[in-house]
Amino acid sequence: MADYEYIVEMKHITKRFPGIIANDDVSIQIKKGEIYALLGENGAGKSTLMSMLFGMYEPDEGEIYIRGERVRLESPNHATRLNIGMVHQHFKLISNYTVAENIVMGMEPVKKLLGFIPTVDIKKANQDIKELSEKYGLAVNPEDIISELNVSTQQRVEILKMLYREAEILIFDEPTAVLTPQEIEFLLEIIKGLRDNGKTIILITHKLEEIKRIADRCAILNRGRLINVLNVSDTSTKTMANLMVGREVSFETGKKPAKPGSLVLSVDKLNVFNRQNFQVVSDVSFDIHSGEIFAIAGVAGNGQVEIADAIAGLMPVHSGKIFLNGKDITDMPVRERTQEGISYIPEDRQSYGLVMDFSLSENLALKSYYNEPFCRGGMLKPEAFIENSEKLIQKYDIRSGQGSSTIVRSMSGGNQQKAIIAREIELSSPLMIFVQPTRGLDIGAIENIHKQMIGERDKGKAILLVSLELDEIMDCADTIAVIYNGKLQKIAPAKDLTTNEVGEFMMGVKETRGAQV
């Protein structure tokens, strides 16, 4: 029997950054073998708290105890030696290394060449990873290159990296933010299996239904302070949401019937090939009118993101045509498309949505800096950047430690997303493309983005929504197109489709071509 009551105790933890208190006198106690959820809005201090447990930061005040012993965690390597592992929201993998090379890095199996020259035994590493992945049901090919893997497989690599280091305390930071519904189901089963194998799981998430399904207890943070610790089985998702946001949260969109107007976007027989010259979009045709939310539903990797990228100019069109307000934009450069009237919220906010080492004010003007009031006579006007930024920070509730001058890399993922959405909506483009707009966001932010999207529709904007969240599509869309294997299976008014029918089309179980409206 262990001589400690809690495997992890964090007592009176306070952490400050310039202009912000990320954690304010937070105390949590975690039992061995439980799934303990940390719930809170974007920027509530969840990731910061766990980064201190993983040795990435040191608390300014407070104490940390592991297995009953007080520790001063000096680095992630120190945390690893104490059997603590962490899967970060944005993965820490080397893209041109193999799966096995990433997992064993720093703990490589060694063999002696010519009997005395030490060298990495890559064959043993591959075999070890194969056996480990089979043991935990995390299928990977040890020899695959990371850059060629989808996000769910990369996440498995991160989990295996922890397990290879014999982690007993596993921290998951927003683990389902980039996964499809099917992948989420699989991951939740994996997490439950890890718990059943005696691991202690700390789950940072915004997704209340996932907490209800697998967590034992839930700590709720709001603006850096601990609000409550609840037994999940005794607590409703509505109660958790209200405590997290600090107000009554509505789960209804309150959407009025659409009033579609003139044709804004017309896509005709679109074919797109990826970088590997593999066809990912096949003969796709659809129209979007002003005052309409047109959503593409599908399991990840079926071509929906490539359709959005092709419309925005980020991917070349192999054949077919794209018309915006009657004008052929098929081969138009990205900036010209923006000027013609396209706003674009990309799936990958860090690679395509933001310049991570620019300030918030610079990022909020990225699509407009060359126009007045930001630029006059070829000279940039810094005061205009700041004025614009301060207005949008207030309007869209973007939380940043140093206001307009905050470097966006230092902001939480959810607040980075709010910044992109603020910039793109403020362009007031006739066509707005939202790709995974609420990925990694809390319930309060999701509620606001849905209201903003519907508000733009009601102002007469044409909205293209690409989402892996079926509930989001059913709640927001006026028209739903379902994609499978690069082809549209069905286009119909949202009111004429059930969630089950959309799910069946997504999986390719049903197939109805020519049913386009």
Side-chain angles (χ1 to χ4, degrees), residues 34-42 44 46-47 87 89 151-152 155 159 170-196 201-222 227-255 295 297-300 413-414 417 436-451 453 465 467-477 498-500 502-503 506-507:
E34 76 172 329
I35 298 177
Y36 188 97
L38 277 179
L39 180 64
E41 289 187 282
N42 302 115
K46 308 178 301 295
S47 296
V87 174
Q89 185 178 359
V151 287
S152 65
Q155 188 176 63
I159 297 169
L170 311 181
I171 305 165
F172 289 85
D173 189 357
E174 299 291 349
T176 62
V178 293
L179 303 184
T180 67
Q182 293 79 2
E183 290 165 343
I184 289 169
E185 289 292 320
F186 181 77
L187 179 66
L188 295 183
E189 289 303 315
I190 289 292
I191 289 173
K192 284 197 281 189
L194 292 167
R195 188 260 314 269
D196 294 343
I201 311 291
I202 305 172
L203 183 64
I204 303 171
T205 185
H206 301 114
K207 297 190 177 178
L208 302 169
E209 293 300 333
E210 291 169 14
I211 289 176
K212 279 296 285 181
R213 283 186 53 190
I214 67 169
D216 300 301
R217 290 191 299 147
C218 173
I220 298 173
L221 295 175
N222 185 301
I227 303 301
N228 210 336
V229 179
L230 304 165
N231 288 319
V232 171
S233 58
D234 305 335
T235 310
S236 69
T237 52
K238 187 161 182 62
T239 299
M240 288 192 280
N242 293 345
L243 285 170
M244 175 178 81
V245 179
R247 60 177 171 81
E248 190 76 16
V249 176
S250 169
F251 288 89
E252 302 294 323
T253 57
K255 182 163 69 84
V299 176
Q417 184 77 345
Q436 288 286 82
T438 58
R439 171 186 148 194
L441 296 188
D442 60 69
I443 190 80
I446 290 169
E447 179 192 23
N448 284 335
I449 285 169
H450 287 173
K451 282 180 180 172
M453 193 159 42
L465 170 63
S467 177
L468 300 177
E469 304 284 350
L470 195 45
D471 288 345
E472 179 165 72
I473 281 177
M474 300 306 290
D475 286 346
C476 296
T498 66
T499 304
N500 281 346
V502 175
M506 282 168 65
M507 301 303 292

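Predicted model, so just to flag it, every value in this text is computed and none were measured.
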Gap separating the [atom1] atom of [X] from the [atom2] atom of [Y], nearest 0.5 angstrom:
X    : Y    : atom1 : atom2 : answer
F172 : L194 : CZ    : CG    : 5.5 Å
D196 : I191 : CG    : CD1   : 12.0 Å
I220 : N228 : CD1   : CG    : 6.5 Å
L39  : L243 : CG    : CG    : 9.0 Å
L230 : D234 : CG    : CG    : 9.0 Å
M244 : T237 : CE    : OG1   : 10.5 Å

Search all heavy atoms of [X] against all heavy atoms of [Y] and return the closest pair with its distance.
X    : Y    : answer
Q417 : P437 : NE2-O, 2.8 Å
I214 : R195 : O-NH1, 4.0 Å
V502 : M474 : CG2-SD, 4.0 Å
A477 : K255 : O-NZ, 3.2 Å
Q155 : V87  : CG-CG1, 4.5 Å

Using side chain to side chain donor-acceptor pair (under 3.5 Å) as the criterion, list what pairs up with [X], not counting sequence neighbours.
X    : value
D173 : S47
S236 : T239
N448 : none

Residues two or more places apart in sequence or in another chain: which of them pass side chain to side chain contact (heavy atoms under 4.5 Å, CB included) with [X]?
X    : value
S467 : Q436, L465, E469, E472, I473
E189 : K192, R213
T205 : E174, L203, K207, E210, I211

Tell me if a side-chain donor or acceptor on [X] pairs with a main-chain N or O of [Y] at a distance below 3.5 Å.
X    : Y    : result
K46  : G40  : yes
D216 : Y36  : no
K212 : T235 : yes

(message) Under the rule for salt bridge (Lys or Arg N to Asp or Glu O under 4.0 Å), what residues qualify as partners of E34, not counting sequence neighbours?
(response) R217

(message) Could you tell me if the side chain of L170 sits less than 4.5 Å from the side chain of I159, heavy atoms only?
(response) no

